[in-house]
Protein chains: 2
Amino acid sequence: MSERSPANFERPLVTVDVAIFRALDGRLQVLLVRRGSGSDEPFPGHWAMPGGFVDVSCDASLEACALRKLREKTGVSTPYLEQLGSWGDARRDPRGWSATHAYFALVPVDELDVPHAEANAADADWHDVEGDGIREPLAFDHARILAAALERLRSKVEYTSLPAFLLPKEFTLSELQKAYELLLGRALEKSAFRTRILSTDLIVPVSRLREGPNRPAQLYRLRSRKTPIYFQRALSRPD
Amino acid sequence: MSERSPANFERPLVTVDVAIFRALDGRLQVLLVRRGSGSDEPFPGHWAMPGGFVDVSCDASLEACALRKLREKTGVSTPYLEQLGSWGDARRDPRGWSATHAYFALVPVDELDVPHAEANAADADWHDVEGDGIREPLAFDHARILAAALERLRSKVEYTSLPAFLLPKEFTLSELQKAYELLLGRALEKSAFRTRILSTDLIVPVSRLREGPNRPAQLYRLRSRKTPIYFQRALSRPD
DNA sequence: CCAATAGTGTCTGTTAGACAATATACA
DNA sequence: TGTATATTGTCTAACAGACACTATTGG
């Protein structure tokens, strides 16, 4: 029984999709693009996660493809980017058997390319995350993929430093705590949070303070803008 | 700028590969198949992980494809199966731009289909895992994928019940501890291990004992043969 | 009795959580 | 001064790790 050659197999469609998250004004947001309204395309006018077919001629790898799509939409080229998983079956795309490679990215608000975003404003926009998705329906099975991204994100918040990748270059401990609380959807105890963070080498103080109508706060920066910290203990699950 | 239609894109090759692990006599083993020796195929005669092209006509989904390959090689149809990730680039397969969806499975020795295995004995065999791979070279980038599977597996041992899926239907706490120690590569403290396991509802005692030339041991079974337990705290990382 | 493995008890160290106290800015 | 936020201290509970101890089988 010899293996069939690739030519004998009908090749599935291959796409890459990226769930891109940011935190703005205490809200978690995901970047979506509106699909063209041509009737020859599936889900015309629907919102979808940035993505599309792998371009064999220009994408060196799946990750390069995901980074390209992220850069095209946000101008950010070195985000936190993690492979989320792949979804492939006969029905998810009406054009045929298709498999998508899903990634998710966390981008700091201050690195977003504003002119770039405005140029794309017509067909791309940030949507508030509510629960395990957004209000409007999404194209394809993107609601399922977005839900999986949120589940992964929220799960990893319990034992990693992922929320830090949503923050600008310099931030205070309180701002980091607020990022955690945003993703967790619950409040954390200040003292325990600070000792937890400071007992690692996640952040290093910079010689500046955040001024305000109150006691100034120490500013910190991340030691690494790419690699998260893994904590030995997870935050306690509330009953 | 309208999206190009799928017909305008050269479609990558799409494959699924499965790293199938078992524990035998204190050794962790991975199932490999030998590739055909025809010169029209890449890596003739090399060992590779079970896998191959997605068959659009018979595979309903990627996971169904992985389960099919697992069942064909082992006879096991309900293993612990987890998606590991995907690897895709222009160079990993000499036949062209290809993307593989990698899974890993943990199978109990007592569920392996022995006649089935013997029928395939010529082209499939279990290989001892040594370090982050096996002794012999592997086809394609399977060494990299196997290393990733082992890294994921060993990482999750620290905070999940994954080793339990390597055990037969009924087992003792000592056998479970040995499975942990096999994957961790280090000894665990008995008392702490037992408290950790018994404080969850991972296992339930059955009304039988394992007899031997010593004090009999309580036998247990898993509460769920599919879903792992996640512990709140990881085992401590040795310095 | 001994050997071997199963199972328990006791102490220590770490750290999350709760809560209180103190510190430092501006108005 | 008051208000707001930053930062620290104290106590408790949970649990992993180390280690010692007891229990139960066969020989």
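Here is the naming used below: chain letters follow the sequence lines, and residue numbers restart at 1 for every chain. For the numbers below, each heavy atom of this structure counts, side chains included, while hydrogens, waters and symmetry mates do not.
- Side chain of B:N214, nearest nucleotide from C:dG17, C:dA6, C:dA4: C:dA4.
- The CZ-P distance, from B:R194 to D:dC19, rounds to 19 Å in whole Å.
- Note on B:L235: only backbone sugar-phosphate atoms sit closer than 4.0 angstrom, heavy atoms only; bases stay farther off.
- Distance, A:L209 CG to C:dC26 P: 11 Å, rounded to whole Å.
- Between A:R196 and C:dA16, a side-chain N or O to OP1/OP2 separation shorter than 4.0 Å is present.
- A:S174 comes within contact range of the sugar-phosphate backbone alone, with a heavy-atom separation under 4.0 Å but no base atom that close.
- If you check every strand for non-hydrogen atoms under 4.0 Å, A:A217 touches sugar and phosphate atoms only.
- Among the protein residues, A:Q218 comes within range of the sugar-phosphate backbone only, with heavy atoms under 4.0 Å from sugar or phosphate atoms but none that close to a base.
- Contact of the A:L67 side chain with the A:P79 side chain is registered, since non-hydrogen atoms from C-beta on lie closer than 4.5 Å.
- For A:R215 against D:dA6, a side-chain N or O and a base N or O form a donor-acceptor pair under 3.5 Å.
- For the pair A:T172 and B:Q232, both in contact range of DNA chain D, the more 5′-proximal nearest nucleotide belongs to A:T172.
- In this structure, B:Q177 places its CD atom 13 Å from P of D:dA16, rounding to the nearest Å.
- Using a 4.0 Å heavy-atom criterion, one finds that B:S236 contacts the sugar-phosphate atoms exclusively.
- Look at CD on B:E211: it is 15 Å from C1' on D:dA23, rounded to the nearest Å.
- When each of B:R233 and B:L198 is assigned the nucleotide of DNA chain C bearing its nearest heavy atom, the one mapping closer to the 5' terminus is B:L198.
- Rounded to an integer number of Å, the gap from NZ of B:K190 to C1' of C:dG9 is 12 Å.
- Side-chain contact check for A:W126 versus A:L31: some heavy-atom pair is nearer than 4.5 Å.
- Ring geometry for B:H127 against B:W47 counts as perpendicular: the plane angle is over 60°, on a 0 to 90° scale with 30° as the lower cut.
- In this structure, B:F193 atom CZ and D:dA18 atom P are separated by 15 Å, rounded to whole Å.
- Using a 30° and 60° split on the angle between ring planes, B:F193 and B:Y180 fall in the perpendicular class, above 60°.
- Residue contacts for A:S191: at a heavy-atom cut-off of 4.0 Å it reaches a base atom on one of the strands shown.
- Comparing A:F231 and B:P216 along DNA chain C, the residue whose closest nucleotide (by nearest heavy atom) sits nearer the 5' end is B:P216.
- Between A:E158 and A:R196, no side-chain nitrogen of the basic residue sits less than 4.0 Å from a carboxylate oxygen of the acidic one, so the salt-bridge criterion is not met.
- For A:E189 and D:dA6, the CD to P distance is 14 Å, given to the nearest whole Å.
- Separating the CD1 atom of B:I197 from the P atom of D:dC15 is a distance of 13 Å, rounded to the nearest angstrom.
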